[in-house]
Amino acid sequence: MLHQTISEERILDVDSVRGFALFGILIVNICAFLSPFYGASVVDPFFTSELDMAVRFLIAFLFEMKFYLLFSFLFGYSFTLQMQSAEKSGAAFLPRILRRQAALWVIGLLHAVLLFHGDILTTYAVLGALLLAFRQAPEAKILRLAKVLIIATALLWACLGLMQILLPSAVDFSTSLSDATRIMAAYRETPGTVIAQHLRDLSEIWLVTGAMQAPCAFAMFLAGMAAGKRRMLADFKTYAPFYARMLRIGLLVGLPASALYAYGAVYLVGTGWDVLGLALGILLGPFLTAAYLAGMMMLFQHKAGRPLAAALAPAGRMTLSNYLLQSLICAVLFHAYGFRLMGQWSPLAGLLAAAAIFVLQLMLSRWWMARFAYGPLEWGLRAITIAAWPKWRRTKAV
C-alpha cells in the first residue's frame, strides 16, 4: 500500500530517500573535516593502523561516489515536481526556477566560503539552470546524454590514471606533508585563516568539480528528471518489478566495482591505480546508487521499513537546512570556529561522530516539522521562488 496517493505533492518516500542520502553525504563530508589529507592522494601519516585503513575502506566502499549521485538524482526528480507545482498554481515556471537557482547559488557560495569548501550547492545552482534547456526534451535523448556524460568522464579519468602510471613525473595529484600541515594549521588557527584557506581551496577545487562532480551530477539530474516524468517514486506498485531488477543488477555490478575503487583509494594511493579505480567508480558507481534507491524504496513499502521511512522523512523535508547544519557542526568541531579537532580524531571516531550528528538531526527535524511547514532555509528559499511569503506554521489536520 502506498504511503500517500500519487496525486499528493509531497511524497513520503521521496523525503525518506532524501533523508537517507543526507546521511551518506555527512559520512563522506566529515572525512574532509577530519583530515587535510582526505582526497589528496596521500595517506594520512597519523592514522595508518589496520583499523584506520579498514574504516577508510568501508567509507569509500559504501559511501563515496554514491550518495552525491543519489542526491543529484533526487534533485532532478524534484525538478519535475517544481514544474508541476508551477502548473497547478498557474505561475510561470521559468522565473520561479531562475529565482530559486540564483538564491541557491548565493547560499552555496556563503557555505563554501564560511563553512565547507566542498560545497555542492553552487554546482547544483548552475546545473539546475542548465537543466531548463532539457525540460521538454524526449526521454530517450535525456537518458542518452546522461550515459555519454558518465562514460566520457570515466574515460577522462582513466586516461589521467594511465598517464600517472606511465609518466609519473608528468601527472602528480599528491599533496606533500608540508602542504597538508600548512592547511591544517590554517583551519585550526583563527576564523580568518579558515576563510582564507577556503578561498584558496575554492581556487583549486573547480578543476575537479568541472572534470568529475559536475558532469556526473548533471547526468543524474537528467536521469532523475526522466524518472520524475514517469512518477517512478510516486507509483511504486507499477514499477515494483523494475525496482527489483534494478536492485539485483545494481548490486551485482556496483559492489565489485565499488570494492575495486575503494581498494585503490585506500591502499594504492598516489600510484595512478587509484585514479584508474576512480574512473571505474565513476563508470559503474551509478549502479550501486541505483541499488540503494531501489532497496530503500522496496524497504519502505514493507511494514518493517515504515518506521525507518517515517524517521527519515522529516530530515528529508528540510534537506537544505540539515545539509548546512552538518557543515556548521563539523566546522565548530574541527575548525577554529570551535574545538580545532582536525587531525586529532581517527576515521572511526569521525564515523561515530557522523552517526551521532545524524541521529540528532533526525530528532530535531521531527520536532521542527511537527510544528512548521518548512525548514528555516527551505522557507526562505520558497519565499524567493514564489515571490511571496509562504505559510510558516503547520496547518493542523481537521
Side-chain angles (χ1 to χ4, degrees), residues 3-4 8-30 67-68 70-82 85 96-97 99-101 103-108 110-112 114-116 119-122 124-125 128 224 233-234 296 300 306-332 354-386 388-397:
H3 296 155
Q4 295 180 312
E8 289 182 293
E9 181 179 356
R10 173 65 63 176
I11 303 165
L12 177 63
D13 289 341
V14 178
D15 293 328
S16 301
V17 175
R18 193 179 287 114
F20 173 63
L22 190 66
F23 174 63
I25 292 290
L26 174 59
I27 293 293
V28 175
N29 285 354
I30 202 171
F67 279 87
Y68 90 93
L70 179 57
F71 219 79
S72 301
F73 175 89
L74 294 171
F75 186 99
Y77 190 93
S78 297
F79 186 87
T80 63
L81 300 182
Q82 289 286 326
S85 177
R96 271 191 170 202
I97 199 66
R99 286 195 299 269
R100 181 182 180 85
Q101 296 309 109
L104 193 64
W105 187 87
V106 172
I107 293 171
L110 292 173
H111 176 233
L114 298 177
L115 298 178
F116 181 45
D119 167 78
I120 195 66
L121 298 178
T122 50
Y124 276 17
L233 301 185
M296 296 305 288
F300 293 157
R306 288 173 187 169
L308 176 62
L312 290 170
R317 291 189 64 184
M318 47 187 293
T319 306
L320 178 61
S321 296
N322 277 318
Y323 173 66
L324 295 181
L325 179 59
Q326 289 175 355
S327 294
L328 177 61
I329 293 173
C330 289
V332 170
I357 291 169
F358 190 67
V359 169
L360 176 64
Q361 288 190 300
L362 290 181
M363 294 187 295
L364 179 61
S365 299
R366 181 176 181 178
W367 179 89
W368 184 278
M369 295 310 303
R371 291 160 175 80
F372 301 98
Y374 302 95
L377 288 175
E378 285 76 9
W379 182 86
L381 188 61
R382 180 159 180 79
I384 294 171
T385 301
I386 65 176
W389 299 116
K391 65 178 182 179
W392 178 246
R393 288 281 181 177
R394 174 171 290 282
T395 303
K396 293 183 179 180

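Side-chain atoms are counted along with the backbone in the values below, which use heavy atoms only and exclude waters and symmetry mates.
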[Y] and [X], any side-chain heavy atoms less than 4.5 Å apart:
| X | Y | result |
| --- | --- | --- |
| F358 | L312 | yes |
| N29 | Y68 | no |
| S321 | E378 | yes |
| I386 | R96 | yes |
| F67 | V28 | no |
| Y124 | S72 | yes |
| L74 | L233 | yes |
| I97 | F79 | yes |

Of the non-hydrogen atoms in [X] and [Y], which two are nearest, and what is the gap between them?
| X | Y | answer |
| --- | --- | --- |
| H111 | S327 | NE2-OG, 2.7 Å |
| M318 | G375 | CB-CA, 3.8 Å |
| A331 | L115 | CB-CD2, 4.0 Å |
| I30 | C330 | CG1-SG, 3.8 Å |
| A309 | L12 | O-CD1, 4.2 Å |
| Q101 | A125 | NE2-O, 3.1 Å |

Would you find a donor on one side and an acceptor on the other, under 3.5 Å apart, between the side chain of [X] and the backbone of [Y]?
| X | Y | answer |
| --- | --- | --- |
| Y77 | V14 | no |
| S365 | L362 | no |
| W368 | A315 | no |

CZ (R99) with more than 12 external heavy atoms under 6.0 Å: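 Yes, the 6.0 Å shell around CZ holds more than 12 heavy atoms from other groups.
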Please state whether the rings of W392 and W379 are parallel, tilted or perpendicular, taking 30° and 60° as the class boundaries.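 Taking W379 first and then W392, their aromatic rings stand perpendicular (interplane angle over 60°).
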